[in-house]
Colleague: 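Would you mind keeping the following structure in view while I ask a few things?
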Amino acid sequence: MHDSLPQERYTSFAVLMHWAVAVFVFFQLGLGSYMEGLPKGPDRSAYFALHKSVGLTIFLLAALRLVWRATHPPPPLPASLPRWQNVLARGNHKLLYVLMFLQPVSGYLSSSFSGYTTSFFGVPLPHWGWKDPFLNELFSDIHETSAITLAVLVAVHVLAAVAHAVRPGDFLFR
């Protein structure tokens, strides 16, 4: 049985999930950027298939993280943290979660309306759409815009963590 009260530190499982998702997200951002410039052909198709599978893996890990977080409250932010930083930190975390779901869902829907199939590491998945260039472009635009937003939010998250680690008693500026 777990304790539903906030802990002093993140659990080992929460830390493991954080870093697993972080590694996959960094990989995806790089892979997505790289594969867009490739000419159409088997190499590009293989990269797209890998990108889709890793994206769905992130979706599953994010769902698991969300369930874990709902049942294992995170440690409180430092009491010395200024209110505006507390609000920004909580908002950034919420948006990161939203984007960890929006990214794979928009990518999956874009693929469903592209006429191409989606598989999860070789296992074919249901095709929820039909060939529709408008819907494919709409979901593709959402996917690309949210990827840029995700990259910015990750950068803010990393910078805040570094600032907190470097100056733990004087987080950023007051």
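Residues take their numbers from the sequence shown, with the count starting at 1. In this text the structure is predicted, and so the values were computed from the model without any measurement.
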Colleague: Quick one: pull up NZ in K52 and OG1 in T117 and give me the separation to the nearest 0.5 Å.
Modeller: 6.5 Å
Colleague: Give the cluster check for V152 versus V98: same hydrophobic cluster or not, with ILVMFWY residues linked at side-chain heavy-atom distances below 4.5 Å.
Modeller: no
Colleague: Can you see which heavy atom on H93 is nearest to which on R69, and at what distance?
Modeller: CD2-NH1, 4.3 Å
Colleague: Any side-chain heavy-atom pair from L96 and H157 closer than 4.5 angstrom?
Modeller: yes
Colleague: Please determine whether the number of non-hydrogen atoms from other residues, nucleotides or ligands lying under 6.0 Å from atom CZ of F101 exceeds 12.
Modeller: yes
Colleague: Got a second to check how far H51's NE2 is from L29's CG, nearest 0.5 Å?
Modeller: 8.5 Å
Colleague: What's the spacing between S112 OG and D132 CG if we round to 0.5 Å?
Modeller: 11.5 Å
Colleague: Heavy-atom distance under 4.5 Å between the side chains of H164 and P78, does that happen here?
Modeller: yes
Colleague: Within a reach of under 6.0 Å around CH2 of W128, are more than 12 heavy atoms found that belong to other residues, nucleotides or ligands?
Modeller: no
Colleague: Taking the side chain as everything from C-beta on, heavy atoms only, tell me whether L56 gets closer than 4.5 Å to T118.
Modeller: yes
Colleague: Measuring from E137:CD to I142:CD1, what's the distance to the nearest 0.5 Å?
Modeller: 10.5 Å
Colleague: How about L153 and L99: do any of their side-chain heavy atoms sit closer than 4.5 Å?
Modeller: yes
Colleague: With a cut-off of 6.0 Å (strictly less than), are more than 12 heavy atoms of other residues, nucleotides or ligands near OH of Y116?
Modeller: no
Colleague: Are V158 and Y97 linked, directly or through other ILVMFWY residues, by side chains that come within less than 4.5 angstrom of each other?
Modeller: yes
Colleague: Apply side chain to side chain contact (heavy atoms under 4.5 Å, CB included) to residues F27 and I58 and explain how you reach the verdict.
Modeller: CA-CA 11 Å; F27 176 80; I58 292 171; over 6 Å; no
Colleague: Indicate yes or no: at least one non-hydrogen side-chain atom of L138 is less than 4.5 angstrom from one of F113.
Modeller: no
Colleague: Would V105 end up clustered with F134 when hydrophobic side chains under 4.5 Å apart are linked, directly or stepwise?
Modeller: yes
Colleague: Going hydrophobic residue to hydrophobic residue with side-chain gaps under 4.5 angstrom, can you get from L16 over to M100?
Modeller: no
Colleague: Less than 4.5 Å apart, any side-chain heavy atom of Q85 and any of L77?
Modeller: no
Colleague: S146 and H143: which non-hydrogen atoms are nearest, and at how many Å?
Modeller: OG-O, 3.2 Å
Colleague: Please examine the side chains of E144 and F139, heavy atoms only from C-beta on, and report whether any two atoms are closer than 4.5 Å.
Modeller: no
Colleague: For the CZ atom of F13 and the CZ atom of R65, what is their distance to the nearest 0.5 Å?
Modeller: 10.0 Å
Colleague: Closest approach of Y47 and M35, non-hydrogen atoms and distance?
Modeller: O-SD, 3.7 Å
Colleague: Return the OG1 to CG distance between T71 and L66, rounded to the nearest 0.5 Å.
Modeller: 10.0 Å
Colleague: If you take all heavy atoms of P104 and G55, which pair is closest and at what distance?
Modeller: CB-O, 3.4 Å
Colleague: I'd like to know if F59 and Y108 are part of one continuous hydrophobic network [Ile/Leu/Val/Met/Phe/Trp/Tyr, side-chain heavy atoms within less than 4.5 Å].
Modeller: yes
Colleague: Determine whether a donor-acceptor pair (N or O, by modelled atom type, separation under 3.5 Å) exists between the side chain of S114 and the backbone of S111.
Modeller: yes
Colleague: Flag the pair V154 / F26 as yes when at least one side-chain heavy-atom distance between them is below 4.5 Å, and no otherwise.
Modeller: yes
Colleague: Crowded around Y10 OH? As in, over 12 foreign heavy atoms under 6.0 Å?
Modeller: yes
